[in-house]
Amino acid sequence: MERIRFIDLSAQYRTIQSEIDSAVQGVIDSTSFIGGQSFAGEFAAYCGVPYGVGASSGTTALHLAFAALGLGPGDEVITVPNTFIATVETILQTGARPVFVDVDPHTLNLDPGRLESAVTDRTRAIVPVHLYGQIADMDPILQIAEARNLLVIEDAAQAHGAEYRGKRAGQFGAAATFSFYPGKILGAYGDAGLVVTSDEDLARRMDMLANHGRTDKYTHEMAGYNYRMDGIQAAVLSVKLKHLEEWLERRRGIARLYDRLLAGSETQTPSELEGTRHVYTYYVIRSDRRADIQSALEEAQVDTVIHYPVPLHLQPACKDLGYTEGDFPVAEHEASRILSLPLYPELDEADVERIARCVSSA
Ligand SMILES: *Cc1c(COP(=O)(O)O)cnc(C)c1O
């Protein structure tokens with residue numbers, strides 16, 4: 001029996017090999033190794049937002065947005081504990097303090113009902129994370145943000161092309177950041193990231209900050225960073241963006257197949273919020289018998305991953321924030337039950353059936 005990998009990046013490469021090879025060769029021929037401006041514009045247009053600023057990763061994209069929006073010491077920034085460390089690391093890098101809010105037990109996204117009570121006089125921003133490919137419940141979040149005059153920055157690293165009430169990820173806040181880490185829905189052949197915004201002045205500041213605070217080659221208006229996207233990544237992403245919609249539909253099709261095949265099992269399958277387009281960066285099931293399911297799958301040569309096993313408020317890196325076990329019961333409980341199954345556009349239906357059978361019988 002052949003092993004089913006969690007994601008198979010070479011299967012995707014084989015479907016677009018000649019396009020990728022000639023795009024990469026084009027970068028080498030023109031020696032345009034630095035800069036992803038043209039892709040940044042294409043991706044912003046895909047999101048339905050006027051400006052895009054390329055970055056060297058999803059992490060530097062977050063820090064770029066936070067820095068350009070002026071977050072800093074004394075500020076509190078609200079986010080969720082069940083995200084990748086980058087969301088919180090970059091808040092800490094500005095000197096601001098991350099404040100966690102527990103998540104909705106159905107979607108595992110920020111629970112708007114718990115948001116208001118986390119807002120203080122020091123709160124400057126909210127960073128909803130569109131976890132697993134589903135946009136957080138933005139209407140009530142934006143309502144609170146507006147009433148309390150708070151910035152909203154979407155961490156859309158897992159939500160390329162996801163939609164909420166007819167709008168794509170990227171359209172909801174002052175800025176939204178994306179990751180093109182190879183394993184993400186739209187993956188580069190190395191690290192890359194991007195910020196989109198509708199604010200022209202913010203876009204200009206981010207462009208400048210990402211490129212040493214430059215206004216021209218040797219004029220540095222401010223001390224910035226080297227957070228630029230590289231040319232090969234931009235070329236690869238430009239090719240892949242043309243296929244994104246087809247891949248997202250395929251992901252959704254596989255998710256529906258999993259839903260159907262797992263309907264009779266005791267596992268809880270992802271719940272899709274009414275009026276959203278979930279793009280399934282991860283297909284995450286939940287079960288109190290996760291260990292049994294995971295080892296049965298391992299035995300059947302199926303790779304799985306846990307996103308994420310330890311909520312951030314319990315990570316050593318966050319111990320100075322003073323949180324303890326029991327502070328975010330939903331995030332903590334679900335961290336012990338979640339399991340991400342293989343899902344990528346090239347995955348066969350027969351493989352999905354094999355995985356689902358194994359989950360059901362475990
Ligand atoms: C992947 C990810 C990031 C970081 O992106 P990189 O490109 O790996 O730096 C940030 N936030 C979330 C939610 C992610 O999944």
Side-chain angles (χ1 to χ4, degrees), residues 6-7 9 36 39-40 43 52-67 77-94 98 100-101 103 107-110 125-136 138 152-162 169-170 172-173 175-196 210 225-230 232-234 236-237 240 251 270 278-284 305-313 315 317-318 331 334-335 338 340 343-344:
F6 186 68
I7 181 170
L9 297 176
F39 170 71
F43 191 75
V53 177
S56 51
S57 70
T59 305
T60 56
L62 278 164
H63 185 237
L64 185 60
F66 295 159
V77 178
I78 295 175
T79 190
V80 290
N82 62 335
T83 175
F84 184 58
I85 185 76
T87 318
V88 162
E89 209 168 47
T90 48
I91 295 170
L92 289 168
Q93 281 163 17
T94 67
F100 295 116
V101 167
V103 293
T107 61
L108 302 189
N109 272 328
L110 193 150
I126 306 169
V127 182
V129 178
H130 303 326
L131 199 71
Y132 305 150
Q134 170 154 257
I135 295 184
M138 292 310 294
V152 172
I153 300 108
E154 299 168 68
D155 182 343
Q158 301 182 6
H160 320 68
F172 297 95
T177 66
F178 292 85
S179 163
F180 305 112
Y181 175 79
K184 295 280 157 81
I185 285 194
L186 181 59
Y189 285 4
D191 276 313
L194 194 128
V195 191
V196 299
Y225 308 95
N226 177 355
Y227 280 176
R228 298 171 304 217
M229 185 184 286
D230 82 63
I232 287 182
Q233 304 318 327
V236 165
L237 289 167
K240 291 179 85 173
R251 299 186 88 92
H278 193 321
V279 291
Y280 295 98
T281 288
Y282 303 124
Y283 187 88
V284 179
V305 182
I306 297 169
H307 299 97
Y308 298 93
V310 181
L312 296 184
H313 67 288
Q315 288 284 354
C318 295
E334 298 305 329
I338 48 178
S340 307
L343 194 166
Y344 50 89

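In what follows, residues are counted from 1 in the order of the sequence shown. In listed order, ligands and their atoms are each counted from 1.
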Distances under 3.5 Å, N/O of ligand 1 against N/O of the protein: list each pair and its distance.
| residue | atom | partner | partner atom | Å |
| --- | --- | --- | --- | --- |
| ligand 1 | 5 (O) | Ser179 | OG | 3.2 |
| ligand 1 | 7 (O) | Gly58 | N | 2.8 |
| ligand 1 | 7 (O) | Ser179 | OG | 2.6 |
| ligand 1 | 9 (O) | Gly58 | N | 3.4 |
| ligand 1 | 9 (O) | Thr59 | N | 2.9 |
| ligand 1 | 9 (O) | Thr59 | OG1 | 2.5 |
| ligand 1 | 11 (N) | Asp155 | OD1 | 3.3 |
| ligand 1 | 11 (N) | Asp155 | OD2 | 2.8 |
| ligand 1 | 15 (O) | Gln158 | NE2 | 2.8 |
| ligand 1 | 15 (O) | Lys184 | NZ | 3.0 |

inquiry  = Rounded at 0.5 Å granularity, tell me how far CG in Asp155 sits from OG1 in Thr79.
reply    = 7.0 Å

key: Greater than 12 external heavy atoms within 6.0 Å of Tyr344's OH   = yes

Exam field: side chain Glu154 to backbone Phe172, donor-acceptor pair closer than 3.5 Å = yes

ask   = So, Phe39 versus Phe180, ring centres under 6.0 angstrom or not?
value = yes

inquiry  = One pair to check against side-chain contact (heavy atoms from CB on, under 4.5 Å): Leu312 and Phe100. What are the steps and the verdict?
reply    = CA-CA 9 Å; Leu312 296 184; Phe100 295 116; 4.0 Å; yes

request  = Tell me whether the centres of the aromatic rings in His307 and Tyr132 are closer together than 6.0 Å.
outcome  = no

